[in-house]
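In what follows, a structure is listed as structure tokens, so that the remarks can point back to it.
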Amino acid sequence: MPELPEVETIVKGLRGKVLGRIIKEVQVLEPKMVINSDPFRNKLKDRAIRRVERQGKAIIMQTGQKAYLMVNLGMTGRLIFYPDTAPVDKHTHVLFSFSQGGQLIYHDQRQFGRLQLYEGIEPEQIPFVMGLGPDPLDAGFTWQRLAHLLSKSRRAIKDFLLDQKRIAGIGNIYASEILFHAGIKPLRSANQLRMEEIKRLRQAMQGVLRAAIEHRGTSFSDYLDVEGKEGNYKHFLKVYLREGEACSHCTTRIVRTKLANRSTYYCPTCQK
DNA sequence: ACCGTGGCCTGGACGC
DNA sequence: TGCGTCCAGGCCACGG
Ligand SMILES: [Zn+2]
């Protein structure tokens, strides 16, 4: 899906477009995208969007006292705001209309995403959120903290980075990119990294994720932000989707392998 | 507890 | 034109 940088971009976009707006009507065109779609529609009617936050790759919108709408975008989920009337196609699954005008749509070609309303609990009590590890962009995410997390896992470092219970927000694009920037092979065991490698890894996480946010995320086929615009970080990808191309640093051909059934890209020369 | 795998979906690219 | 195969930003339920 949209990973941390894309979700962060969407969250900022939502704050600009829908914060303070009141939901006049919710139309659920594909009920299986929404958990309990009938109460979902009724309970969101006439509620204001009070806050918009990111937790890992999930979007949390506060719609009342202890009422939170969580959106998981899956692989191809989009939230797009239209100031007037939103266009609807066969992948438009939910439509929010606002009293002040404008519509927000949830669009998802592959339908791996989910929308769910939680009531009577704070966001930290949502089961999905409770299962998330620390956010790599938090000030408290020091290399010592990372070292401690790494020490508890013998898995390949690439798998470790994808595990949302250990660290929240990194997905398949940025796992490969981060490891390239850190100069670490994806198959290395998490608990066998040396201190300098751990420090480089943390630097690479923050550097890559922050740069990707600056460029509004990565679009290669489906991802669009709240205004329907692509992210530009694809121009800065060093290894992801670049199998067979020359490494920008050493000209060795980029290799693709499978880890946990997901493509993993790396430079066999630059990454040790 | 840990790990890996397969399933959920649609559609674009490519080879025959 | 049409197949079959592989590929694609995620997550969860299963097994061993
Ligand atoms: Zn290289």
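Both backbone and side-chain heavy atoms feed into the values below; hydrogens, waters and symmetry mates do not. All chains are named by letter (A, B, ...) in the order of the sequence lines, taking the proteins before the strands, and each is independently numbered beginning at 1.
Contact check, A/Lys57 against C/dC11: a side-chain N or O comes under 4.0 Å of OP1 or OP2. For the OP1/OP2 pair of B/dC8 and a distance below 4.0 Å, the side-chain nitrogens and oxygens of A/Lys32 include no atom meeting the criterion. OP1 and OP2 of C/dA8 both lie 4.0 Å or more from every side-chain N or O belonging to A/Arg262.
Across all strands shown, A/Asp108 has no heavy atoms under 4.0 Å from either base or sugar-phosphate atoms. A/Phe128 comes within contact range of the sugar-phosphate backbone alone, with a heavy-atom separation under 4.0 Å but no base atom that close. Among the heavy atoms of the strands lying under 4.0 Å from A/Lys90 are primed sugar atoms or P, OP1, OP2 only; no base atom is included. Within the 4.0 angstrom heavy-atom criterion, only backbone atoms of the sugar-phosphate kind lie near A/Lys258; the bases stay farther away. A/Arg78 comes within 4.0 angstrom of nothing in the nucleic acid, heavy atoms only. Using a 4.0 Å heavy-atom distance criterion, A/Arg166 is classed as a sugar-phosphate-only contact. Counting non-hydrogen atoms under 4.0 angstrom, A/Arg114 reaches nothing in the nucleic acid. A/Tyr265 comes within 4.0 angstrom of the backbone, heavy atoms only, and of no base.
Side chain of A/His91, nearest nucleotide from B/dG11, B/dG4, C/dC11: B/dG11.
Proximity of a side-chain donor or acceptor of A/Glu227 to a complementary backbone N or O of A/Gly13 within less than 3.5 Å is not detected. At distances below 3.5 Å, not a single donor-acceptor pair connects side-chain atoms of A/Thr63 with backbone N or O atoms of A/Leu44.
We find that the ring of A/Phe112 and the base of B/dC9 do not stack by the test of centres under 5.5 angstrom and planes tilted less than 30°.
No side-chain donor from either of A/Asn191 and A/Ser153 sits under 3.5 Å from a side-chain acceptor of the other.
Between atom CG of residue A/Asn36 and atom CG of residue A/Leu115 there is a gap of 12.5 Å, rounded to the nearest 0.5 Å.
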